[in-house]
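Note that these values count all heavy atoms, side chains included, but never hydrogens, waters or copies made by symmetry. Sequential numbering from 1 along the given sequence is applied to the chain's residues.
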Amino acid sequence: MPSLQKTSPPQCRPQASPVVCPTHRDEVAAAGSELIGGPFGRRALIGGSALTPARVIALVVIGMFALGMVQKIPCYDWAWFRGTTSQYTHACYSDIPHLFVGRGFAEGLVPYFDRLGGDIEFLEYPVLTGLFMQLAAWLTPGGGDMMHREQTYWMINAGMLMVCAAVMAVCVARTHRRRPWDGLLVALAPAFALTATVNWDLLAVALTAAAVLMWSRGRFLAFGILIGLATAAKFYPLLLLGPLLLLCWRAWKWREYFVALLGAGGAWLAVNLPVMLLAPEGWKQFYLFSTERNIDFGSVWLLISQRTGVSIPPGTANTFAVLLMLLACAGIAVLTLTAPRRPRFVQLAFLVVAAFVLTNKVYSPQYVLWLIPLAALARPRWRDFLIWQACEVMYFLGIWMYLAFTTSGNKQGLPTDGYHFVVVLHVLGTLYLCAVVVRDILAPERDVVRQDGSDDPSGGVLDGAEDVFVVGAAAHPARHAAAVVEGPRVEWGVPRG
């Protein structure tokens, strides 16, 4: 039964070090550090250099982004413009140059207001992403060779997306005050470098990372505004309000939640309302496209359809996807309210976005960007992170090789069975990371973030808060220890100040 009896978390012990050094606690990080001189030494000076962790991480993420741009050179030079198959065999495809022409930016058409001459009547992206695309088009010089204009448009977008990448990585580094080096998980993620310029997702990802940082600092209205803006760029950031509702319910922090909710709604309306009123048909295109599109690459629905030979209509896929998503959300709700200690915000945020990714009708390669910052904060262990990243890199290569196979006359590339294998690999990799996050929630002593005595560094007002509404065994904790839990003893709750 639910309990409204307040339970205060034990106070933590004084901390000996202000910053957690991953090379002292993570075997993979320690081994990798040998490339730059070995683990952090006990005599090393902290804060004595202009290269703070956030600055180092910003430089690393810019370097990795640049490497991702280098990987696109075969397409930039010729493959985007001289044949379909080449951009797949070189695994360097990007939507950006193609949509410069395909969505009317090259002709000066205004998104949402001007009709397109094709199967899609209007731009099928959310309004803030459309504004981002239009801004890059305004910066692209007119006239001259179309190939050169497409190259320029891609370069301008890449520059803007690089800023988003730096914002994302720095926000992750600053979210957990005592664990800034966890931002390196984001900066060095191979799937990040490969997918950063495939589409415009980094805009929403950067806004979401900034929102999580604001919540961790107790700035509820700023969090809401940023989540509203992120949702105006991509749908998935809206999902973070669900786990936050459950956590605020358990801690009875309703005022903070509704301030954030008000900010999110206001920011989303501020961006969408002008287009909604002045160009309603164009504004609706994103939502119509999302509802009516067929099952597509990377989804379990396409896998089922191709393996069984049974066509799955969009309406049927929508229904089952929604039902599965609701089932996953119900499971997350039960987990939140029954866990022995209130889960950390980013743990639940990762789980709900991962559930959306796994149940969706399509899994484009760049969707991994949605999960990378949340994964780095939810489970900052290099081994688990790299296992998941390896699966995502295999999927990234597999989807392009499969498209090469289906578009080339000589069937060069990855056949259907091989493509099914990489889809399953992507699903299993994501489920694996979800499983270890759930394990950390059920056994908080194994959560590497909490092993130093922290409670919820990204939780803001939830960090160290009392539990008010809990159900199940968590509502009636044992008076005496009845079980031995593997791992060190942990006391939660970080003192303020």
Side-chain angles (χ1 to χ4, degrees), residues 61 64-72 75-76 80 87-88 90-100 102-103 123-126 128-130 132-133 136 153-154 157-169 186-209 230-231 233-237 239 286 289-290 293 296-299 302 350 353-354 356-358 360-376 388-403 422-423 425-427 429-430:
V61 80
M64 288 292 288
F65 190 98
L67 288 176
M69 293 178 67
V70 170
Q71 189 263 337
K72 301 294 187 290
C75 279
Y76 180 86
W80 287 332
Q87 60 188 331
Y88 301 141
H90 288 87
C92 56
Y93 173 86
S94 172
D95 286 324
I96 294 172
H98 297 301
L99 295 188
F100 177 64
R103 297 301 179 266
L123 182 68
E124 74 278 22
Y125 284 80
L128 196 59
T129 298
F132 190 93
M133 299 162 75
Y153 184 67
W154 182 81
N157 274 282
M160 295 164 63
L161 291 171
M162 182 182 288
V163 174
C164 293
V167 169
M168 168 193 68
V186 174
L188 293 173
F192 154 72
L194 292 170
T195 62
T197 58
V198 170
N199 201 280
W200 292 269
D201 293 63
L202 270 177
L203 172 61
V205 173
L207 289 168
T208 305
T231 305
K234 208 76 178 178
F235 174 77
Y236 88 91
L239 298 172
F286 165 69
F289 177 76
S290 300
R293 75 182 301 178
D296 214 331
F297 296 112
S299 70
L302 182 66
F350 172 79
V353 176
F356 181 69
V357 162
L358 292 173
N360 202 10
K361 289 190 298 184
V362 58
Y363 181 71
S364 298
Q366 73 274 9
Y367 288 3
V368 69
L369 295 169
W370 305 357
L371 290 172
I372 287 175
L374 298 174
W388 170 59
Q389 282 290 288
C391 295
E392 293 297 332
V393 169
M394 290 295 293
Y395 176 75
F396 176 85
L397 298 174
I399 177 62
W400 305 129
M401 293 303 105
Y402 175 64
L403 284 169
V422 295
V423 172
L425 198 63
H426 142 68
V427 171
T430 305

side-chain hydrogen bond (donor to acceptor under 3.5 Å, both in side chains) partners for Gln71, two or more places apart: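 With sequence neighbours excluded, Gln71 shows a side-chain hydrogen bond (donor to acceptor under 3.5 Å, both in side chains) to no residue whatsoever.
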Using side-chain hydrogen bond (donor to acceptor under 3.5 Å, both in side chains) as the criterion, list what pairs up with Tyr363, not counting sequence neighbours.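 Testing Tyr363 for side-chain hydrogen bond (donor to acceptor under 3.5 Å, both in side chains), a comparison that skips the adjacent residues, returns Glu392.
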Nearest non-hydrogen partners of [X] and [Y], listed with the distance:
{"X": "Trp80", "Y": "Cys92", "value": "NE1-O, 3.2 Å"}
{"X": "Ala376", "Y": "Val186", "value": "CB-CG2, 3.7 Å"}
{"X": "Gln389", "Y": "Ala191", "value": "OE1-N, 2.9 Å"}
{"X": "Cys75", "Y": "Tyr93", "value": "SG-N, 4.0 Å"}
{"X": "Ala189", "Y": "Met64", "value": "O-CE, 4.2 Å"}
{"X": "Ser290", "Y": "Arg293", "value": "O-CG, 3.9 Å"}

Measure the [atom1]-[atom2] distance between [X] and [Y] for me, rounded to the nearest 0.5 Å.
{"X": "Leu302", "Y": "Phe297", "atom1": "CG", "atom2": "CZ", "answer": "7.0 Å"}
{"X": "Gln87", "Y": "His98", "atom1": "CD", "atom2": "NE2", "answer": "4.0 Å"}
{"X": "His90", "Y": "Trp400", "atom1": "NE2", "atom2": "CH2", "answer": "14.5 Å"}
{"X": "Leu99", "Y": "Tyr153", "atom1": "CG", "atom2": "OH", "answer": "7.5 Å"}
{"X": "Met394", "Y": "Met401", "atom1": "CE", "atom2": "CE", "answer": "11.5 Å"}
{"X": "Leu194", "Y": "Leu67", "atom1": "CG", "atom2": "CG", "answer": "10.0 Å"}

So, the side chain of Thr129 versus the backbone of Ala233: is there a donor-acceptor pair under 3.5 Å, distance only? yes
Strictly distance-based, threshold 3.5 Å: is any side-chain N or O of Ser299 a donor or acceptor partner for the main-chain N or O of Lys361? yes
How about [X] and [Y]: do any of their side-chain heavy atoms sit closer than 4.5 Å?
{"X": "His426", "Y": "Val357", "result": "yes"}
{"X": "Trp154", "Y": "Met69", "result": "yes"}
{"X": "Phe65", "Y": "Val163", "result": "no"}
{"X": "Val422", "Y": "Ile399", "result": "no"}

Can I get a per-line list of side-chain donor-acceptor pairs under 3.5 Å for residues 197-208, giving both atom names and the distance, sequence neighbours left out?
from	atom 1	to	atom 2	distance (Å)
Asn199	ND2	Asp95	OD2	2.7
Asn199	ND2	Tyr125	OH	3.0
Trp200	NE1	Asn157	OD1	2.7
Asp201	OD2	Trp370	NE1	2.8
Thr208	OG1	Ala204	O	2.7

Between Tyr236 and Tyr367, ring centroids under 6.0 Å: no
Between Phe289 and Leu123, is the side chain to side chain contact (heavy atoms under 4.5 Å, CB included) condition met? List the steps. CA-CA 10 Å; Phe289 177 76; Leu123 182 68; over 6 Å; no
I would like to know whether Leu369 and Met168 meet side chain to side chain contact (heavy atoms under 4.5 Å, CB included); could you show each step before the answer? CA-CA 10 Å; Leu369 295 169; Met168 168 193 68; 5.7 Å; no
